[in-house]
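Data block below; observations after.
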Amino acid sequence: MLDAVRTVRATVRSLRIYYGNRARAAAMDRLYGVFIQPGDLVFDVGAHVGDRVASFRRLGARVVAVEPQHAMARVLRLLYRFSRAVAIEEVAVGREPGRARMLINSDNPTVSSVSTAFVDAARDAPGWETQRWTRAAEVAVTTLDALIAKHGCPAFIKLDVEGFEAEALQGMARSVRALSFEFTTIQREIALACIERCKVLGYTRFNAALGESQILVGDWANADDIVRWLMELPQSANSGDVYAIAD
């Protein structure tokens, strides 16, 4: 019961943060407008409470929102229940279909994860001291290839799955036009594995945004340059997203 109350409280806080800032929403639309055109199909993998879904819809895209946490998926269904342009998949994404144990952070569900390595890296790391994963739930796992087979090929994929991004990319056999994946400075090796996988898939141009800035850090670069940039970031940078384009 206590966990349920904590989850509700955290969800309300997320809704207030992610839907209550017009300037942030406008910046998000400008950023994703680089990659998304009206009528495009977009996958939001790790949708949480759907603030990216809202941005993609403002840009005129159709959206597949992927969220394995039951509480968050219920919020998405409530928010987008009248939108035929939003499909909700209550699953995790990995390299192969199956089941997985998800570690739940009731006070901050956005960092719940199926990656035990991510949770181990975060425990008591600088900036993560208050985070606690207090329970677990079994979730279904699908692949990006399976989602593409079901919904069609997206123009853009957003991956934010708390240390499981490289596993998710292993479940995609061919590139889409563009994608993004989250990185953290407590697990830079995951970002490096993602970049290597992107290179195999044919991605040649990379950029990044720090934290929730919604601003690309500079000019588009090759894989070696973005790796160098990632490795030179101070630990305090914490997190952000890498963007990749396939030519």
Side-chain angles (χ1 to χ4, degrees), residues 35 42-48 52 64 66-69 89 91-103 105 110-123 125 128 131 133 139-148 153-154 156-211 217 221-233 235 237-246:
F35 309 100
V42 176
F43 287 0
D44 183 353
V45 182
H48 190 44
R52 262 67 174 183
V64 177
V66 184
E67 176 52 57
Q69 294 182 79
E89 294 279 357
V91 292
V93 173
R95 69 170 60 209
E96 58 187 20
R99 308 286 295 179
R101 182 172 179 264
M102 186 164 208
L103 300 173
N105 187 323
T110 188
V111 296
S112 298
S113 178
V114 296
S115 170
T116 56
F118 168 79
V119 172
D120 288 343
R123 290 190 197 277
W128 295 80
Q131 302 303 317
W133 292 260
V139 298
V141 180
T142 190
T143 66
L144 290 172
D145 278 346
L147 289 171
I148 289 170
C153 187
F156 181 77
I157 297 174
K158 179 225 109 182
L159 282 172
D160 183 353
V161 289
E162 309 311 311
F164 217 60
E165 289 80 7
E167 289 294 304
L169 286 174
Q170 288 293 334
M172 185 169 73
R174 62 186 181 90
S175 66
V176 301
R177 191 168 72 205
L179 61 80
S180 71
F181 60 85
E182 187 188 37
F183 70 85
T184 63
T185 54
I186 60 171
Q187 275 195 316
R188 296 180 210 236
E189 69 277 9
I190 301 300
L192 301 186
C194 288
I195 292 168
E196 285 301 311
R197 181 59 181 164
C198 283
K199 287 165 59 178
V200 170
L201 291 170
Y203 292 92
T204 58
R205 293 192 289 151
F206 298 85
N207 213 321
L210 282 171
V217 296
N222 62 31
D224 290 340
D225 288 336
I226 204 69
V227 166
R228 190 176 305 112
W229 177 84
L230 280 166
M231 297 309 294
E232 290 175 353
L233 279 177
Q235 193 74 3
N238 192 42
S239 66
D241 298 279
V242 170
Y243 294 81
I245 293 176

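Since we're looking at a predicted model, the values are computed, not measured.
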Who are the side-chain contact (heavy atoms from CB on, under 4.5 Å) partners of [X], not counting sequence neighbours?
X: Leu192; result: Val227, Met231
X: Val217; result: Asn207, Ala208, Leu210, Trp229
X: Asn222; result: Asp224, Asp225
X: Ala246; result: Ser175, Tyr203

On a heavy-atom basis, which atom in [X] and which in [Y] lie closest, and how many Å separate them?
X: Lys158; Y: Arg52; answer: CD-CG, 3.8 Å
X: Gly46; Y: Glu67; answer: C-OE1, 3.8 Å
X: Ser180; Y: Phe156; answer: OG-CZ, 3.7 Å
X: Pro154; Y: Ile148; answer: CD-CG1, 3.8 Å
X: Glu162; Y: Ser112; answer: CG-O, 3.4 Å
X: Phe183; Y: Ala191; answer: CB-CB, 3.8 Å

Is there a side-chain contact between Arg188 and Gln235 in this structure, where contact means two heavy atoms from C-beta onward sitting under 4.5 Å apart?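 Yes, side chains in contact.
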Could you tell me whether the side chain of Phe43 reaches within less than 4.5 Å of the side chain of Leu159, counting heavy atoms only? no
Keeping the roles fixed (side chain from Asp145, backbone from Ala173), state whether a donor-acceptor pair exists under 3.5 Å. yes
I'd like to know if the side chain of Glu196 reaches the main chain of Cys194, judged simply by a donor and an acceptor atom lying under 3.5 Å from each other, with no hydrogens or angles considered. no
Go through it in stages, so that I can follow the logic: the residues are Val111 and Trp133, the test is side chain to side chain contact (heavy atoms under 4.5 Å, CB included), and I'd like the CA-CA distance, side-chain angles, deciding distance and then a yes or no. CA-CA 9 Å; Val111 296; Trp133 292 260; 3.9 Å; yes
Could you measure the distance from the CG atom of Asn105 to the OG1 atom of Thr110? Nearest 0.5 Å is fine. 9.5 Å
Distance, nearest 0.5 Å, that separates CZ of Phe164 from CD of Glu182: 14.5 Å
Evaluate the criterion side chain to side chain contact (heavy atoms under 4.5 Å, CB included) for residue pair Val114 and Val141; output intermediate values, then yes/no. CA-CA 10 Å; Val114 296; Val141 180; 5.8 Å; no
Under the criterion side-chain contact (heavy atoms from CB on, under 4.5 Å), which of Leu169, Val45, Ile245 is the partner of Leu179?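 Checked Leu169, Val45, Ile245 against Leu179; only one passes side-chain contact (heavy atoms from CB on, under 4.5 Å): Leu169.
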Qualifying residue for side-chain contact (heavy atoms from CB on, under 4.5 Å) with Val66, from Leu147, Leu144, Thr142, Val161: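 The side-chain contact (heavy atoms from CB on, under 4.5 Å) with Val66 is passed solely by Leu147 among Leu147, Leu144, Thr142, Val161.
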The criterion is ring pair (Phe, Tyr, Trp, His ring centres under 6.0 Å); which residues satisfy it with Phe118, sequence neighbours excluded? Trp128
Using distance only, find each side-chain donor-acceptor pair of residues 92-103 under 3.5 Å and give its atom names and separation, not counting sequence neighbours.
from  : atom 1 : to     : atom 2 : distance (Å)
Arg95 : NE     : Glu167 : OE1    : 2.9
Arg95 : NH2    : Glu167 : OE2    : 3.0
Arg99 : NE     : Glu138 : OE1    : 3.2
Arg99 : NH2    : Glu138 : OE1    : 3.2

